[in-house]
Structures are given as structure tokens and as C-alpha cells.
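What follows is a short report on a single structure.
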Protein chains: 2
Amino acid sequence: MARYGKEHKLATRQRIIETAGRRLKRDGIDGSGVAALMADAGLTNGAFYAHFESKEDLVATAVADQLRDQRERLAAAPPGRAGLDQIIRAYLSPEHRDSREEGCPSAALLDEIGRCAEPTKQVYTDSVLAFIDDIAARLAPHDPRSARVATLGVYALMVGTLQLSRALADQELADEVLEQGIRNAMALLDDAPH
Amino acid sequence: MARYGKEHKLATRQRIIETAGRRLKRDGIDGSGVAALMADAGLTNGAFYAHFESKEDLVATAVADQLRDQRERLAAAPPGRAGLDQIIRAYLSPEHRDSREEGCPSAALLDEIGRCAEPTKQVYTDSVLAFIDDIAARLAPHDPRSARVATLGVYALMVGTLQLSRALADQELADEVLEQGIRNAMALLDDAPH
DNA sequence: CTGATTGGATTATGACCGTACTACCATAGG
DNA sequence: CCTATGGTAGTACGGTCATAATCCAATCAG
């Protein structure tokens, strides 16, 4: 392959970003080596630095891409509160818990992101806010900005619940935690918005 | 040091466990090498395997120790709901957010624990339940067992909120998220118990 | 009080994996 | 055909977990 129009390199880059997103969520940031990330995209380690400045650069890019992806799935759900309820139930489902690599990047990586350098955290912040503001617009179409923090609070609840459910060795208890999480999220949404 | 009564080896072991707890919370599980963990205890890597079977073994032990520690701090708070409110406010404070290595092991490591092998998750489960059941006993002295899942739900909310606050690059927003978390935790506690 | 014993540590080593980089190569486009 | 591009393969150098050989000093037996 050589001398393609620019779209070919961009397509390869995008393939790396997407496959990296899955592996990062499955094995963690520190748990994923550059060679493995490239192998997932059908490439070798050497090509990596033609596409990204560093591993951190890819991590930030992949996390942003994953959150953009989640945002698109969100847009596909029915509008308004009804669609939101559906999203919450899917998020806090055993299926989502058991498929880390297909799921929410925050639930898979949040504490590692908290340890990342500032630029990475900035990219995460921007990406998650774009996602959150979409939800806030659902809740308060007239004043989405004021619902931002309330929505972040519910999001944090959902992320923490999913993580906890993944970490518990007792499957039955892990399932109960998810159900409790759904009830809690609903309760907060019913109380809060005004 | 040699040929001490058994308490000396145990004391060294305990020192490793405690210093490891701090570093693991700061740098993550995959981010902490055995050599560094031992250096923190004033030892070299070779001595490690006289105390622990493997790194995973230490991780599980250190996490359990950290949770036991949290449980003791819990016991030191005023009894009943008043003490619980105080604990929640301390947990969701900027100080706690900014001192990962002194703080809650769940907030620092939960998603990495979710990726650990089953024995480690089992140790985590047992330890976190001991902690949670103490809180549940505060909430429902007559029937702590029934409050277990409700308490886990609030705990998940607190863990997720702290993690999110740590991952946000915007400090002001991160503070607001903490405050929202406090309101949410209180709301759930006021509604739930019956 | 002495000295062999032995537990706990150090240093060294194994094989492998981590990130980052560079020289080289095959090929498609002009 | 020849150049430029995107990729491969190989290198450098340090860190990873784990094991093994060695060493040191405190304790207990005599």
C-alpha cells in the first residue's frame, strides 16, 4: 500500500482508534501495550508513531472516540424521558456489565483516566460533557445547561454501580446492585429536575 | 535482621501491606511494580516472595487491609445517621479527591479490581461487605441485612462521584459534582430505608 | 560467652514486555 | 520508471514478575 489519497491513512488511523478503544476497555490503559493495540488493527508496532505522538495521545483519542460513539447510540434512543429510562436500564444491565469491551469507557477506565496527565483529562472532560449535555437536553429542553451537574451526578451513580457490579464475586449480589442502581437513578431523576 | 521472634516477620509483612496500599491507590495496580512496592517498605524486590505468593496475592491483601482501615475510621464517627452524614461529606470532599493515596481504595482501584482474577474479587467482595454491613447497621439497627443492597447503592454512587470528580480537568465543575453527589446521597438515604 | 545455625534479606539472573525510534522496503501514482 | 508513502522489521534500553544463589547478623545451644 502506498501513495493513496489522504483518506487511506485516515481510515487506518480510525481503525486503530476503534480497535484500541475495545482493547483499552478490556485490559485497561496500563494493561494494553502498543504492540498489542497495533496487532488488533492488523499492523505492527513500528507504524504506531506515524499515526500518534505517543501512547497517551492514542488513549485520549480513543477515549474521545468511544464517548462520541456512546453519544450516537444515545441519539438513536427514543426522545425524552422515556428513551432515557430505556438507556438507563440497558446501561445497568447484566449484559453491559459482562461485556466490558463493548461498553461504556467511563465504567471501564474512569479511575485510570483520573491518573492520566492533564491533556488527557481535558479531552475526557470535553467528550463527557458533550455526551452529558445531550442527556441534559432531554431532561430540560428549555435549559439544558442548568441540568448539566444534575445529569453528571446520575452518570456518576451509573458508572460507579456498573464498576461495583463488575468487581463483586457474588453474581447474585452483583445483579441486585444493578437493580438497586436503576431504582436509584430513577429516584434522582424524578426528584431533581426543576 | 535475622532470627527474630515471629512477630518481626509479621511486622515487616504488615509494613509492606500498608505502604503497598498507598502506592497501589496512587499509581494503580498495573502501574505499581513489585520493586517499587518493596522499595516503599525499605526493602528490595527479592524479599517479596518470602512474604507473598505473587503480586496478585499482595494486591488482594493490601486492598482488604485498606478496606479494614476504612471500616475502623467508620467506627470512630458518631453513631447513627448523624455520623453517616459526616462521613459522606468527608468522602465527597475536595480533600479526599485530591489525596488518592490516603483515601478510599474502591474509588482508586475499582475498575482495575473488576479486571482482577476471581480470588482477588472474592477478597474484595468479602471486605467491602464487612464495611457496608457496618453502615447498614447504622441505618437499620434492627435489620441490617435488608439494608445491605441499598447501602451498596449509595456506596456505588459515592465511589463513582469521587472518580468522576478526579477525572474532570475543570476544577470548578469537579467541585460541583462533589456537592451534587452529597445531595444525591442524602436524597437516597432519606427516601430508601423501609 | 561463644559460635554454629538459620531466617530474612540482598544481589544477580531469567525470560519477557514496555515505549519509543529508525532504517529499510514494497508498492501505487504521477 | 521513479518517487513518495505507509508499513515492516529490527533496535535500544529500561522495566516487568519471578526465581536462585549468596550473605549477614541475631538468636539459641553448649
Side-chain angles (χ1 to χ4, degrees), chain A residues 1-21 23-63 109 112-113 115-117 119-120, chain B residues 1-21 23-24 26-63 109 112-113 115-120:
Chain A
M1 310 92 168
R3 219 169 184 192
Y4 293 100
K6 306 158 191 182
E7 74 266 11
H8 283 91
K9 183 169 185 183
L10 280 181
T12 301
R13 180 185 156 94
Q14 192 56 33
R15 195 173 76 246
I16 298 170
I17 291 169
E18 280 162 19
T19 55
R23 179 175 283 267
L24 286 169
K25 289 190 290 181
R26 206 190 55 191
D27 295 345
I29 296 174
D30 286 341
S32 304
V34 170
L37 291 167
M38 291 301 278
D40 287 347
L43 299 172
T44 52
N45 50 5
F48 180 85
Y49 295 90
H51 291 280
F52 304 97
E53 281 198 355
S54 65
K55 184 185 173 183
E56 275 265 334
D57 179 17
L58 169 61
V59 168
T61 308
V63 168
L109 300 172
E112 276 190 297
I113 292 169
R115 282 190 288 269
C116 283
T120 304
Chain B
M1 309 93 167
R3 214 165 186 198
Y4 291 101
K6 306 158 191 185
E7 75 267 8
H8 282 91
K9 181 168 185 183
L10 279 180
T12 300
R13 180 185 156 94
Q14 191 57 32
R15 194 173 76 246
I16 298 171
I17 291 169
E18 279 163 19
T19 55
R23 179 175 283 266
L24 287 169
R26 207 191 53 191
D27 295 345
I29 296 174
D30 286 341
S32 303
V34 170
L37 291 167
M38 291 299 278
D40 287 347
L43 299 171
T44 52
N45 50 3
F48 181 85
Y49 295 89
H51 291 281
F52 304 96
E53 280 198 356
S54 65
K55 186 186 171 183
E56 275 265 334
D57 179 18
L58 169 61
V59 168
T61 307
V63 168
L109 300 173
E112 277 190 297
I113 292 169
R115 281 190 289 268
C116 283
E118 207 59 29
T120 304

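Lettering of chains follows the sequences in order, A, B, ..., and the numbering in each one begins at 1.
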Quiz item: Does A:H51 have a side-chain nitrogen or oxygen under 4.0 Å from the phosphate oxygens OP1 or OP2 of D:dG7?
Solution: yes

Quiz item: Just wondering, do B:T61 and B:R13 contact through their side chains at under 4.5 Å, heavy atoms?
Solution: yes

Quiz item: Phosphate oxygens OP1/OP2 of D:dT19: is one of them under 4.0 Å from a side-chain N or O of B:Y49?
Solution: no

Practice problem: Among residues two or more places apart or on two chains, list those pairs meeting salt bridge (charged side-chain N to carboxylate O under 4.0 Å, His left out) that have a residue in residues 38-58 of chain A. | Solution: A:R23-A:D40

Quiz item: If we only count heavy atoms from C-beta on, is the A:M38 to A:V34 side-chain gap below 4.5 Å?
Solution: yes

Quiz item: side chain to side chain donor-acceptor pair (under 3.5 Å) with B:N45: which residues, sequence neighbours excluded?
Solution: none

Quiz item: When we call it a touch if two heavy atoms are under 4.0 Å apart, what does A:A47 touch: a base, just sugar-phosphate, or nothing?
Solution: base

Practice problem: Strictly below 4.0 Å, heavy-atom distances to any atom of DNA chain D: list the hits from residues 24-43 of chain A, or just say none. | Solution: A:G42, A:L43

Quiz prompt | Length of the CD1-C1' vector between B:I16 and C:dA9, whole Å | solution = 11 Å

Quiz item: Nearest of D:dC17, C:dT19, C:dG8 to any side-chain atom of A:K55?
Solution: C:dT19

Quiz prompt | Student check: side-chain heavy atoms of A:L37 and A:L24 closer than 4.5 Å | solution = yes

Exercise. Let me know the distance between CZ of B:F52 and C1' of D:dC17, rounded to the nearest Å.
Key: 15 Å

Practice problem: Nearest whole angstrom, please: distance from the C1' of C:dA20 to the CG of A:L58. | Solution: 14 Å

Exercise. Calculate the interatomic distance between B:R15 atom CZ and C:dG8 atom P; express it in whole Å.
Key: 13 Å

Self-check item: B:N45 CG - C:dA12 P separation (whole Å)
Solution: 11 Å

Exercise. Starting at atom NE2 of B:H8, determine the distance to atom P of C:dG8, rounded to an integer number of angstrom.
Key: 10 Å

Quiz item: Side-chain contact, heavy-atom cut-off 4.5 Å: A:L109 with A:V59?
Solution: no

Self-check item: Nearest-Å distance for atom pair CZ/P, residues B:R13 and C:dA9
Solution: 12 Å

Practice problem: Please round to the nearest 0.5 Å and tell me the distance separating atom CZ of A:R15 and atom NE2 of A:H51. | Solution: 8.0 Å

Exercise. Would you please confirm or rule out a distance under 4.0 Å between OP1 or OP2 of D:dG7 and any side-chain N or O of A:T12?
Key: yes

Quiz item: B:F48 CZ to D:dA18 P: how many Å, rounded?
Solution: 7 Å

